[in-house]
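Accompanying notes for the structure given below.
For ligands, and for the atoms within them, numbers begin at 1 and follow the listed sequence. When reading the values below, keep in mind they use all heavy atoms of this one structure, side chains included, and skip hydrogens, waters and symmetry mates.
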Amino acid sequence: MATLVSDPLVSRRTADFVSQDHRIYIDGRFVAAASGKTFPVYNPATGDVITHVPEAEEEDVNRAVLAARRAFDDGPWTRMSPSGRGRLLWKLGDLLEQHLEEFAEIESLDNGKPFSVARVADVPLAVDMFRYMAGWATKISGKTLPLSSGYDFHSYTLREPIGVVAQIIPWNFPLLMAAWKLAPALACGCTVILKLAEQTPLSGLRLAQLIDEAGFPPGVVNILTGYGEGVGAPLAAHNLVDKVAFTGSTEVGKLIIRAAAGNLKKVSLELGGKSPVLVFPDANIDEAISGTSSAIFFNHGQCCCAGSRLYVHEKVFDRVVEGVSHVASDIRLAPGLDPSCQMGPLVSEEQYQKVVSYIESGIAEGANIAAGGPVSGVERGYFVRPTVLTNTNPRMKVVQEEIFGPVVCAVPFTDEDLERIIKRANDTVYGLAASVWTQNVSLAHKVARGLRAGTVWVNCHNVFDASLPFGGYKQSGWGREMGEEVLHNYTELKAVTVAL
Ligand code: ADP
């Protein structure tokens, strides 16, 4: 195991945290996995093992679910006032903000992303999510409904917490995904078992310490580390869990649906994408070049909404592709904690192999490389050069499948009718996000209407806010994260009718 204390890029504080004896969080206590097993955590910039964390399994899942069940059925959580819940969420946001630099460092070390990005994006957005949802805790309400029959009844609806919620998250934004999941469920009055991604458990384990410090009652939040098979699958199948909320691959999303069928627990899913980016000739081309580059290269393309299909009008195709290729070639690869880092390593060896093999399959199928390619030139770590492919066609794997890496396929379009361009943009099984680049307001709105995607950005991409609903059409998911809309994921609706 590599000792982080001697790594000049890692602060003493983070080295101490990472090397500690890690524990899962069940019923307000930090405990080892029942089996005593652990599994390794890697630094993706070097491939070294930096620590071990508990490998929870079914017995731990049962303990966590029972704790969450008690906290929901008999515990103080359901009896606590909405404003009390809101105050705790706000306090957690404050605590997180006080430790902003520390979380950014942990995230960068564990996931590989640049520290500078984690510091301005991942951690502040997570803080904001807790605060935004703290506000909703006191505003979850039903409606009074006039009966269409006009009979003499008084009817209204109540929005009530759905109960015990299992939440399963991926590794691309470890802390932020935890915040997206925990904050709304807790605001609604649910209790939670959160399963962290096995590749990136560290920020979630540190967050468990802050949750404990904030004073959430025991059992309200339980946090487990472990593998998909060992923890995710039994959680999704558990009879005492009322709801499972999952973010990850479409493939595992389908397994979750099957596992949930046993007790028909409610399911929400935020899954994959293959987001189109459409650049029209009247766009501000310099802005489009930098915006569409960051649409794909932000977070190393490890975003479900990464703009991985770049459709550019033929009049500006060469200029845009040349511009994006320049941006790609200029990006400096380095460990996330290196101050010169503009792009870190991919999260794991598995992802590295997968992304490189996609690039190779694109080349084998006839694509040209305008920038990047399968060889990174960096000796250690899971680095992949930002890559621009041209001469692709809609049947290629690189155009159809989610690569989840810094690889974009650029495709020209002509003055064909708008319907056809939109049809091409919609031609995947996914429907998560898209962006449109034009100065023509009417065109922008027309395209936004035509795209079958849960988010459409105009002259921007990857803009997130706690207030904006996010989720997918088609095989990109069920339900929405964030905004008022996410409250529907964690509440049941009850209609009450009183004879007058
Ligand atoms: P990725 O390909 O991005 O790693 P996955 O969908 O494989 O995404 O994983 C996302 C999350 O789902 C992780 O926390 C992982 O452990 C979990 N997971 C994987 N397989 C299963 C499964 N069969 N049931 C439940 N959760 C799973």
Side-chain angles (χ1 to χ4, degrees), residues 24 33 37 39-42 44 53-58 60-61 64-65 110-113 165-182 192-205 207 222-238 241 243-263 265 267-274 299-306 308 345-355 357-358 382 401-406 430 432 472 475-478 481:
I24 48 181
K37 285 203 259 180
F39 66 95
V41 180
Y42 297 88
V53 297
E55 183 182 339
E57 289 174 321
E58 195 157 1
D60 307 289
V61 167
V65 170
D110 200 9
N111 166 280
K113 66 181 69 199
V165 178
Q167 303 184 315
I168 302 171
I169 57 171
W171 45 260
N172 57 344
F173 294 89
L175 175 71
L176 185 58
M177 291 301 103
W180 278 23
K181 289 279 182 277
L182 288 173
V192 174
I193 309 100
L194 174 71
K195 181 219 171 289
L196 307 172
E198 57 269 35
Q199 298 86 348
T200 53
L202 297 178
S203 58
L205 289 174
L207 183 68
N222 304 274
I223 298 189
L224 302 179
T225 48
Y227 293 106
E229 292 279 300
V231 179
L235 268 178
H238 209 292
V241 169
K243 147 100 200 183
V244 56
F246 171 78
T247 297
S249 60
T250 293
E251 194 189 349
V252 174
K254 291 178 185 177
L255 295 178
I256 300 276
I257 295 169
R258 282 190 211 113
N263 69 339
K265 62 175 65 63
V267 178
S268 55
L269 305 167
E270 204 260 274
L271 306 176
K274 189 75 186 172
N299 211 42
H300 319 166
Q302 300 170 133
C303 301
C304 41
C305 52
S308 51
L346 301 191
V347 72
S348 64
E349 173 153 29
E350 189 187 345
Q351 280 306 114
Y352 167 82
Q353 299 289 0
K354 188 177 143 198
V355 173
S357 75
Y358 268 116
Y382 312 129
E401 296 178 16
E402 184 177 44
I403 298 176
F404 225 68
Y430 297 113
L432 191 60
Q475 293 191 33
S476 288
W478 290 356
E481 307 283 323

If you count the atoms of ligand 1 from 1 in the order shown, which ones are under 4.0 Å from a heavy atom of [X]?
X      : value
Leu255 : 23 (N)
Gly248 : 6 (O)
Ala197 : 14 (O)
Ala233 : 24 (N), 25 (C)
Ile169 : 11 (C), 13 (C), 14 (O)
Gly232 : 24 (N), 25 (C), 26 (N)

Selected option - heavy-atom contact closest to atom 22 (C) of ligand 1, from Thr225, Val231, Val252, Leu196
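Looking at heavy atoms only, Val252 sits closest to atom 22 (C) of ligand 1.
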Classify the contact between [X] and ligand 1 as side chain, backbone, both or neither, using a heavy-atom distance cut-off of under 4.0 Å.
X      : result
Ile256 : side chain
Glu198 : side chain
Phe404 : neither

For Glu401, does the CD atom have more than 12 heavy-atom neighbours from other residues, nucleotides or ligands under 6.0 Å away?
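More than 12 within 6.0 Å, yes.
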Can you confirm whether more than 12 heavy atoms, excluding those of Glu350, are under 6.0 Å from its CD atom?
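Counting other residues, nucleotides and ligands, CD of Glu350 stays at 12 neighbours or fewer.
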Minimum heavy-atom separation for [X] and [Y], please, with both atom names.
X      : Y      : result
Leu205 : Leu196 : N-CD1, 3.9 Å
Glu198 : Phe39  : O-CE1, 3.4 Å
Val267 : Ala260 : CG2-CB, 3.5 Å
Lys265 : Lys243 : CB-N, 4.0 Å

So among Leu224, Ile223, Leu235, Ile168, which one has a side-chain contact (heavy atoms from CB on, under 4.5 Å) with Leu194?
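Among the candidates, only Ile223 passes.
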Polar-atom distance check: Pro170 versus ligand 1, any N or O pair below 3.5 Å?
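By distance alone, the answer is no.
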Taking distance alone, with no angle check, do Ser249 and ligand 1 share an N/O pair under 3.5 Å?
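Min N/O separation from ligand 1 is below 3.5 Å for Ser249.
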Checking Asn263 side chain against Ala237 main chain: does a donor-acceptor pair fall under 3.5 Å?
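No, the answer is negative, given that no donor and acceptor are paired below the 3.5 Å cut-off.
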Backbone of Lys181 reached by a side-chain donor or acceptor of Gln167 within 3.5 Å
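Present.
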Starting from [atom], locate the nearest protein heavy atom and write down its residue, its atom name and how far away it is, to 0.1 Å.
atom                    : result
atom 17 (C) of ligand 1 : Ile168 CG2, 3.7 Å
atom 18 (N) of ligand 1 : Gly228 CA, 3.4 Å
atom 12 (O) of ligand 1 : Phe246 CE1, 3.2 Å

Measure the distances from the heavy atoms of Ala236 to every atom of ligand 1 and state whether one is below 4.0 angstrom.
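Under 4.0 Å: no for Ala236.
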Give a yes/no on ligand 1: does Trp171 have at least one heavy atom closer than 4.0 angstrom to it?
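Distance cut 4.0 Å: Trp171 passes for ligand 1.
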Partners passing side chain to side chain donor-acceptor pair (under 3.5 Å) against Gln351 (at least two apart in sequence or in another chain):
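Once residues adjacent in sequence are excluded, Gln351 has no partner under the side chain to side chain donor-acceptor pair (under 3.5 Å) criterion.
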Under 4.0 Å from atom 9 (O) of ligand 1, can you find at least one protein heavy atom?
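No.
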Using side-chain heavy atoms (C-beta onward) and a distance below 4.5 Å, is Phe173 in contact with Lys113?
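In short, these two side chains touch, coming nearer than 4.5 Å.
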